[in-house]
Amino acid sequence: EPEVTQTPSHQVTQMGQEVILRCVPISNHLYFYWYRQILGQKVEFLVSFYNNEISEKSEIFDDQFSVERPDGSNFTLKIRSTKLEDSAMYFCASRAGTQVGEQYFGPGTRLTVT
Amino acid sequence: AQKVTQAQTEISVVEKEDVTLDCVYETRDTTYYLFWYKQPPSGELVFLIRRNSFDEQNEISGRYSWNFQKSTSSFNFTITASQVVDSAVYFCALSEVVDSSYKLIFGSGTRLLVRP
């Protein structure tokens, strides 16, 4: 069964460093998302991406964040200068088509900023 | 404004008990979708069900059942004869058709602990 994959599973970085979180969505899916979950809290929407551009972003997704689909398979989230409060689990998700179908989530990347 | 409320923070039951997880939502849209996801201790998010706003039929899948009531804006989830493997955090989520990104708005989750 096709699945969303994410690497790395855990990333530790120092405050102020840049990190890139990588995702490989399900191959025939068209919509891609990043969500984050601070430990013990709810899952929060960060950004959606369709047709090679951002379709929506939340207030959390400020200028420190960017997304890219550099080739036909990868979808990346970059945090330019990490802060302590960026420590969270980051989930990538993908959805098949134009109907509101279910989003399939990757296993997540736990980002720890020290 | 869209919002999902899961008032039960944590529920603890003994194995084989039935348990219902509550979900109440707010939306400005007449067409929307509701979802339940399971987050086991390993941390991944597992899709359980999607229901659109025009389909108020209750659904049953094995030990799982869902009760959608538009009149009370609720989409409750019942696990019958709970098992230890059901222990997880369960999230209810909403997606609006008017929202072109179809992003998911999650509730705060209910942690279910099933004791042997």
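Side chains are part of it too, since the values below use all heavy atoms of this structure and drop only hydrogens, waters and symmetry mates. None of these values were measured; they are calculated from a predicted model. Here is the naming used below: chain letters follow the sequence lines, and residue numbers restart at 1 for every chain.
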Over all atoms of both residues, closest heavy-atom pair of [X] and [Y]:
| X | Y | value |
| --- | --- | --- |
| A:Q41 | B:F91 | O-CZ, 4.2 Å |
| A:E102 | B:F47 | CB-CE1, 3.3 Å |
| A:R95 | B:S101 | NH2-O, 4.0 Å |

Are there over 12 heavy-atom neighbours, none belonging to [X], within less than 6.0 Å of that residue's [atom1]?
| X | atom1 | result |
| --- | --- | --- |
| A:D63 | CG | no |
| B:K38 | NZ | yes |
| B:R111 | CZ | no |
| A:L84 | CG | yes |
| A:E85 | CD | yes |

Chain B contact via A:Q37 - side chain, backbone, both or neither, heavy atoms under 4.5 Å: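 Side chain only.
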Per-residue contact mode, A:Q103 against chain B (heavy atom under 4.5 angstrom):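 Both backbone and side chain of A:Q103 come within 4.5 Å of chain B.
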Only pairs at least two apart or in different chains count here, so list each disulfide bond (SG atoms under 2.5 Å apart) that has a residue in residues 5-74 of chain B.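 As it turns out, the disulfide bond (SG atoms under 2.5 Å apart) pairs with a partner in residues 5-74 of chain B, which skip direct neighbours, are B:C23-B:C92.
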Under 4.5 Å from any heavy atom of chain A - which part of B:Q6: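 For B:Q6, there is no contact with chain A at all, as no heavy atom is under 4.5 Å.
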What part of B:Y37 lies closer than 4.5 angstrom to a heavy atom of chain A: side chain, backbone, both or neither?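 Just the side chain, heavy atoms under 4.5 Å.
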A:K42 to B:F106, cation-pi by 6.0 Å centre distance and 45° axis angle: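 Judged by the rule (NZ or CZ under 6.0 Å from the ring centre, within 45° of its axis), A:K42 is not positioned above B:F106.
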May I ask you to decide if the ring planes of A:Y31 and B:Y102 are parallel, tilted or perpendicular, using 30° and 60° as cut-offs?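 A:Y31 and B:Y102: tilted rings.
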Hphob cluster co-occupancy, B:Y25 + B:W66, side-chain heavy atoms under 4.5 angstrom: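 Both belong to a single hydrophobic cluster.
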Verify same cluster id: A:Y33, A:L30 (apolar side-chain graph, 4.5 Å):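 A:Y33 clusters together with A:L30.
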Within-4.5 Å side-chain heavy-atom neighbours: B:L104 and A:Y35: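 Yes, at least one pair of side-chain atoms sits under 4.5 Å.
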Within a strict 4.5 Å, meaning less than it, do heavy atoms of the A:F91 and B:L45 side chains meet?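 With C-beta onward as the side chain, the pair touches.
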Atom CD of B:E44 and atom CZ of A:F105: how far apart are they, to the nearest 0.5 Å?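 CZ of A:F105 is found 12.0 Å from CD of B:E44.
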In Å, rounded to the nearest 0.5 Å, how long is the span from CZ of A:F45 to OG of B:S95?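 So the CZ of A:F45 and the OG of B:S95 are separated by 10.0 Å.
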Using the test side-chain contact (heavy atoms from CB on, under 4.5 Å), find all partners of A:Q64 that sit at least two apart in sequence or belong to another chain.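 Applying side-chain contact (heavy atoms from CB on, under 4.5 Å) to A:Q64 gives A:D62, A:R80, A:S81, A:K83.
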